[in-house]
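The next block holds one structure in the form of structure tokens; read it before the comments.
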Amino acid sequence: MAYRNNKKKPTVLGLLFEGSDPSAALIMEGKIIAVVEEERMLREKHASWKFPIKAVNYCLETADITLKDVDFIAIGWEANKFPSYMRKFYAETEEKYSDFFSARARDWQAKNLHRYTKESLTKQLKENILNICPKKDWPKIVFINHHLAHACSAIMMSGFDDALIITADGHGEDDATNIWIGESDEIKHVKQWQLPHSLGWFYTKFTQFLGFRAHDGEGKLMGLAAYGKEDPDLFEKVDKIIAFTGEDDIYKISAKFFYGDYEKENYTKEWLEIFGEPLPFEMRTEYSDYHKNLAYAVQKKLEDIMLNIVDHAIELTGKQNICVAGGTFMNCKMNGEIAKKYGYDKLFVQPIAGDNGISLGSALAVYLNEKAGWKRERLNNIYFGPEYDQKEITSALKKAGLTYIKSKNVEKDTAKYVADSKIVGWYQGKMEVGARALGNRSIIANPLDPKTSNIVNMKVKFRETWRPFCPSTMIEDGQKYFDYNFELPFMVVACEARAGFKTILPSAIHVDNTVRVQTVSKETNPKFHNLIREFKEITGYGVVINTSFNLKGEPIVNTPENAIDTFLNSGMDVLVIGDYIIDEKANPVQGNESNASD
């Protein structure tokens, strides 16, 4: 089949909007050209409910095309279910839980019935991007089941010829968890958990209860859980919210805590009687043992349920390879438990597992439906965002009035700063997509220094002091320090530090001895790999701390100007941007350039 411009494979623009983390992705000739989140372009964390117009423009500009050259626009909501099917589903839900179903829950349903219709979603397309294109030139608009998009983003990037697929998040259309089989060029649906039985809802509810922001602070709950310990009484209390059934459905949610009337904030009277008062938002004081142990119980329950789902999926499908996607799988501690039980080499976690990856999954679903011959190679990097050249960088530096030097060996010079326990903003190449900085928009620090983690948390990131940092290591060295047996390039699968290294790398290893490691190869990121190698030359250890280049509450930096502003408004010591180094903030001299590593 021939597509526009006589291409043999379709050009597909994938979109996610009407939710958190809107994004756009472009696939041409069977290759990913661009994927970017609107938050990075708009400079608004998560950019919730925004249309990803800036992300769309970036995708088209990167490919040097217009909408006239696009064959399909794929949207990650199955609009055909709205309103008729979903109205019936919602009515049945309300009838089933009529004893406590609240006006608030009914209002949420009503908004969805309007929000996700074909007419409503198409209207947003017309208002934002189709209005500049004659109707005869519009791409074909297709609506993709939300969880199918998650499934495609997992299996089609995994490198596996066949695998079971599990998708889990807050909700899709009417569902929250699914099991699929991916074989050859097709994906078959196997099993579904419908609302309200949502692992995402369960985990987010406790995220809010512990004082963190929904759809943002779930990682904080996971980090806090490491400070807790097993408390049978709290396990019993959590069972009142979500419990094992002992049947093939594995687990069930107690709907009254989600659909019932709220007594205070997001909690029913019974919830408050069980767990007490919710913590203040963004509490900066010490957490009590009760709250640490509650976080532990919630995390453990999530892990236990997911391990049971995986067992069940293997039994249903007969597959040993496991692919996962959906926001629930941003929980790297849970992913680590899956990998430890079933094999690191048997597991593929889509690194943009949340809704920010739906744009990519929707575009991939078109390739699946069109039988366009997508080549299943294992994803090895996600550097799909914007890149700025040296001219743009120097222009930004001069505009900021900063003194800078041009390094002859920027990796070696940066390694010296890091070895000297300087906190370095590291800005290189194409921006990563997703929640993790992977060596192009990163803050780099010394894991050997026990003071590093507190300094970065307090003076650079301005966040809670108990939150852990991730180590990046050369792929050839990682297994010396950490207990895994397959490459982990995306910081989405946790493992444990090997014996003795918690004292050697105190700022890179969490209190429970776990790490969210990134293995760096010289093929996918030669500059970052060289930096770590140079650090090893100086210190003897090929590991650096790598955290996202942003301040608390802001998106990861995109442009050179973003990087400079973040540097100037934080406690970072050094900014390395391209081949240029800025190691002072006071008394700037306009455009003063010299050479380092002479």
Side-chain angles (χ1 to χ4, degrees), residues 223 226-227 332 407 409-426 428 436-461 463-484 488-489 491 494-522 525 527-549 567 570-576 581 583 596-597:
Y227 293 87
C332 65
S407 172
N409 187 337
V410 74
E411 299 99 317
K412 185 175 182 178
D413 289 332
T414 302
K416 291 176 183 177
Y417 282 116
V418 177
D420 196 31
S421 291
K422 302 296 185 184
I423 312 301
V424 179
W426 174 258
Q428 305 293 333
R436 312 289 185 237
L438 298 171
N440 281 6
R441 302 291 188 274
S442 294
I443 295 172
I444 308 299
N446 186 349
L448 305 169
D449 187 338
K451 300 187 296 294
T452 296
S453 58
N454 276 342
I455 290 171
V456 178
N457 271 327
M458 294 177 66
K459 295 184 178 181
V460 179
K461 301 282 280 188
R463 67 183 199 180
E464 301 86 351
T465 57
W466 47 265
R467 290 178 62 185
F469 290 103
C470 306
S472 292
T473 182
M474 294 182 291
I475 194 168
E476 60 267 30
D477 272 5
Q479 292 182 45
K480 299 176 186 176
Y481 314 118
F482 310 116
D483 189 9
Y484 65 93
L488 299 173
M491 290 185 182
C495 61
E496 293 189 3
R498 293 197 183 276
F501 281 102
K502 196 170 190 308
T503 55
I504 296 171
L505 305 167
S507 286
I509 298 170
H510 202 21
V511 65
D512 61 353
N513 201 48
T514 60
V515 291
R516 188 175 66 198
V517 68
Q518 177 199 9
T519 56
V520 182
S521 78
K522 59 185 176 183
N525 197 330
K527 211 162 191 174
F528 193 37
H529 184 273
N530 286 341
L531 188 162
I532 300 170
R533 181 179 54 79
E534 292 286 358
F535 183 79
K536 183 182 179 182
E537 286 289 318
I538 300 169
T539 67
Y541 295 96
V543 184
V544 297
I545 283 177
N546 174 10
T547 188
S548 56
F549 196 156
F567 170 66
S570 76
M572 274 183 275
D573 301 300
V574 181
L575 174 62
V576 179
I581 298 175
D583 66 355
S597 291

Does the side chain of [X] reach to within under 4.5 Å of the side chain of [Y], using non-hydrogen atoms?
| X | Y | value |
| --- | --- | --- |
| N409 | E534 | yes |
| P471 | N546 | no |
| F482 | T473 | yes |
| I532 | V543 | no |
| L488 | Q518 | no |
| C495 | V515 | yes |
| L448 | F535 | yes |

message: Quick one about S548 and K461 (side-chain donor to acceptor, distance below 3.5 Å, no hydrogens or angles considered), yes or no?
response: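 Yes, because at least one side-chain N or O of K461 sits under 3.5 Å from a partner of the opposite role on S548.
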
query: Between N525, I475, N530, which is the residue that forms a side-chain contact (heavy atoms from CB on, under 4.5 Å) with V520?
result: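 That would be N525.
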
What's the spacing between [X] [atom1] and [Y] [atom2] if we round to 0.5 Å?
| X | Y | atom1 | atom2 | answer |
| --- | --- | --- | --- | --- |
| I455 | M572 | CD1 | CE | 14.0 Å |
| C332 | M491 | SG | CE | 10.0 Å |
| I545 | C470 | CD1 | SG | 9.5 Å |
| D583 | D413 | CG | CG | 10.0 Å |

Distance-minimising heavy-atom pair for [X] and [Y]:
| X | Y | value |
| --- | --- | --- |
| T519 | Y484 | CG2-OH, 3.1 Å |
| F549 | I443 | CA-CG1, 3.8 Å |
| R498 | Q479 | NE-O, 2.5 Å |
| T452 | N446 | OG1-O, 2.8 Å |
| F528 | L438 | CD2-O, 4.0 Å |
| G223 | H510 | O-NE2, 2.9 Å |

Judged by atom type as modelled, is there a donor-acceptor pair below 3.5 Å linking the side chain of [X] to the main-chain atoms of [Y]?
| X | Y | value |
| --- | --- | --- |
| H529 | M474 | no |
| N513 | A497 | yes |
| Y227 | W466 | yes |
| D420 | K422 | no |
| T414 | V410 | yes |
| W426 | G439 | yes |
| Y481 | G542 | yes |
| S442 | I444 | no |

message: Taking side chain to side chain donor-acceptor pair (under 3.5 Å) as the criterion, tell me which of R441, K527, E411 meets it with Q428.
response: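 Exactly one option meets the side chain to side chain donor-acceptor pair (under 3.5 Å) with Q428, and it is K527.
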
- request: Any chance you could lay out the side chain to side chain contact (heavy atoms under 4.5 Å, CB included) test for I581 and L575, step after step, and finish with the verdict?
  value: CA-CA 6 Å; I581 298 175; L575 174 62; over 6 Å; no

Could you list the donor-acceptor pairs under 3.5 angstrom formed by side chains in residues 501-509, with sequence neighbours left out?
from : atom 1 : to   : atom 2 : distance (Å)
T503 : OG1    : G500 : O      : 2.9
S507 : OG     : D449 : O      : 2.6
S507 : OG     : S453 : N      : 3.2

- request: Quickly, which of R533, K536, K522 forms a salt bridge (Lys or Arg N to Asp or Glu O under 4.0 Å) with D477? Name it, please.
  value: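 Exactly one candidate clears the test, K536.
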
